[in-house]
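Heads up, the thing below is written out as structure tokens.
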Amino acid sequence: MRSQLAKHIFTACMIVFLMSFGLIFYVWNSYLARRNLSELRDKALYLSAIAEHNGWEFFQDFQEKNISGQGENARITIIAPDGSVLYDSVVPAQELPDHSDRIEFQQALRNGQGSCERYSESLLKKTINYAVKPEHSEIILRVSAEKDTVWILLFRMLSPMLAIVFFMIILSVLLAFFSTKAIMKPINQLDPENPDDRNIYDEMKPFVRRLIFQNQQIHRQMDQLQEEHKKQDAIRREFTANVSHELKTPLTSISGFAEIIRDGYVQQKDISHFADNIYKEAQRMIVLVNDILKLSKLESGSFEIQNKREEVDLCAVCAGIRERLTLNAEKQGVSISCYSEDAEIRIMGIANLIDEIIYNICDNAIKYNRIGGFVKIRIRREREHSEVLVEIADNGIGIPEQDQERIFERFYRVNKSHSKEVGGTGLGLSIVKHGMAMHHARIVLESKEQEGTCVRLYFPG
Ligand code: ADP
């Protein structure tokens, strides 16, 4: 920007300087021309007075008298009224042609005075001629002088002019340098970290205000990020604490059972019962560790890398889940059904993750149900929204309103002991939430305590 600005200022200075220079030269040149003409006229009038007084013959020994007073530059011609030259101070009169066609001559004959400029291309020179007819005389007196053209004048003044142009260039460079420095000063002094619009140009104020606004925005975002970071940190710490706690409980049980068996406090007939407890606690730990691993895979994004997206038929997935869960449902006295108008409804997604999502919800619908209850799975296209809906409804124990928001949090259970009793880890719905987000799908929960729960999963179709 700085060099651009300097370039512009330099160019502007040079244009102004050269134009002023040309203008001054023009004015000066026309002033000189006017002065030359008036000098020539004065001379012609003065000489015509001499001619009138002394007769034109007086000029014949003109050279000796040197009355022109103008040195070699002035030429005097005496012309008869018919145009023939009677006398010329430069060329012998008889060698000169008839002068009746000369404009200054014709004008003088008519008006008493006349002037004309002629250009000689061979000499690159102009001549100015001034003719006067003395009042009481029958001759015309003409005075001529050479006048330099602009080019000759320029050529003669070449060295001073070059010096002036050189001086102008130096002056323009200096002006450009110092003006740029002065213009740039407030801009250079602007601190982008801490902009202030008080000492800046009016034209730049909107820009600086935008800068101030953006800085504030960045600070706000940084604060938000820090806040977010802190929150994430707290969640992670809580998760670690929860995981430790969840693992500690079955481990303590296993350790306790093993200890009393080792110390011989258990009778032979009870050993299989204790071993079964140890087995169940170990199984719980395996399920828990599996869920934790799944969740961390989903969070780190490695799940998406390891599993390709493909066409998944939701009808087939739900039918498979129903089949896998039928035995379990029967044990709990719950019926499970699956219904769809279409034979198949395909979406793009990660097959085993979609299976896991729907399985977890159906599993919950059985776990938190009652004897004689039902679980109904329905799949259909939501044509208006171009979505596919998987609806899992049960008429089980329902979820209290205040807990409905929180059940998707890790390890959150409405009734901890009941969840444990039915083999829950508190991580199932967290996995559902992450899996749905990965499919850009939304989840809607509707539940009423003691009446039942309906979970709707909307997948982009
Ligand atoms: P869990 O392993 O304990 O089932 P989830 O994350 O799957 O954990 O569910 C969290 C909690 O939400 C459960 O402990 C349960 O209290 C409640 N819940 C989930 N689904 C249902 C349902 N269909 N009916 C009643 N309560 C439910």
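All heavy atoms count here, side chains included; hydrogens, waters and symmetry mates do not. All values reported here derive from a predicted model rather than from experimental measurement.
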Shortest non-hydrogen separation from [X] to [Y] and the atoms involved:
X	Y	answer
K133	A108	CB-O, 3.8 Å
V312	G349	CG2-O, 3.6 Å
V375	D394	CG2-CB, 4.3 Å
I407	I399	CD1-CD1, 3.6 Å
C362	I377	SG-CD1, 3.6 Å
R322	I336	NH1-O, 3.5 Å

Which residues share a side chain to side chain contact (heavy atoms under 4.5 Å, CB included) with [X], sequence neighbours left out:
X	result
Q106	R110
K448	E451
S84	A80, D82

Verify the neighbour count for atom [atom1] of [X]: are there more than 12 heavy atoms of other residues, nucleotides or ligands below 6.0 Å?
X	atom1	value
E401	CD	no
E135	CD	no
R210	CZ	no
F21	CZ	yes
E323	CD	no
K248	NZ	no
Y201	OH	yes

**OP:** Could you go through the side-chain contact (heavy atoms from CB on, under 4.5 Å) check for E311 and E344 one step at a time?
**Re:** CA-CA 11 Å; E311 272 206 343; E344 53 178 41; over 6 Å; no
With heavy-atom distances below 4.5 Å as the criterion, would you say the side chains of [X] and [Y] are in contact?
X	Y	result
L288	L427	yes
M436	F459	yes
E95	D88	no
L141	W56	no
E341	R381	no
N364	V455	no
T11	M14	no
H229	L225	no

Do the side chain of [X] and the main chain of [Y] share a donor and acceptor less than 3.5 angstrom apart?
X	Y	result
S48	V132	no
H99	I78	no
D313	I345	yes
S144	I76	no
E52	H136	yes
N360	L429	no

**OP:** Could you walk me through whether W28 and F25 pass ring-ring contact (aromatic ring centres under 6.0 Å, His included), step by step?
**Re:** CA-CA 5 Å; W28 174 67; F25 186 78; 5.8 Å; yes
Original post:
Hey, mind stepping through Y368 and T453 against side-chain contact (heavy atoms from CB on, under 4.5 Å) and telling me if it holds?
Top reply: CA-CA 9 Å; Y368 305 104; T453 304; over 6 Å; no
Any salt bridge linking [X] with [Y]? Criterion: basic side-chain nitrogen under 4.0 Å from a carboxylate oxygen.
X	Y	answer
R406	D403	no
R380	E382	yes
E446	R456	yes

**OP:** Hey, could you give me each pair passing side-chain hydrogen bond (donor to acceptor under 3.5 Å, both in side chains) that has a residue in residues 426-436? Not counting sequence neighbours.
**Re:**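 For residues 426-436: E299-H434.
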**OP:** Determine which pairs satisfy side-chain hydrogen bond (donor to acceptor under 3.5 Å, both in side chains) with at least one residue from residues 230-247, sequence neighbours left out, and list them in order.
**Re:**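 Qualifying pairs: E246-R413.
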**OP:** Can you spot which of V444, L314, I443 makes a side-chain contact (heavy atoms from CB on, under 4.5 Å) with L457?
**Re:**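 Among V444, L314, I443, the one meeting side-chain contact (heavy atoms from CB on, under 4.5 Å) with L457 is I443.
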Tell me which donor-acceptor pairs under 3.5 Å the side chains of residues 164-189 have, and how far apart each pair is, sequence neighbours excluded?
residue : atom : partner : partner atom : Å
S172    : OG   : M168    : O            : 2.8
S179    : OG   : L175    : O            : 2.5
T180    : OG1  : A176    : O            : 2.4

Drop me the distance from [X]'s [atom1] to [Y]'s [atom2], to the nearest 0.5 angstrom.
X	Y	atom1	atom2	result
M19	Y26	CE	OH	14.0 Å
L353	L298	CG	CG	5.5 Å
L37	D42	CG	CG	9.5 Å
L96	L86	CG	CG	11.0 Å
L445	E405	CG	CD	10.0 Å
L190	I200	CG	CD1	5.0 Å

**OP:** For R324 and D355, run side-chain contact (heavy atoms from CB on, under 4.5 Å): C-alpha distance rounded to whole Å, both residues' side-chain angles, the deciding distance at 0.1 Å, then the answer.
**Re:** CA-CA 11 Å; R324 269 154 40 218; D355 187 285; 2.8 Å; yes
Subject >> From CA spacing to verdict: side-chain contact (heavy atoms from CB on, under 4.5 Å), I347, I354 >> reply: CA-CA 10 Å; I347 59 159; I354 292 176; 3.7 Å; yes
**OP:** Could you check E104, Q107, Q113, K43 and say which one makes a side-chain hydrogen bond (donor to acceptor under 3.5 Å, both in side chains) with Y130?
**Re:**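 Single pass found, and it is Q113.
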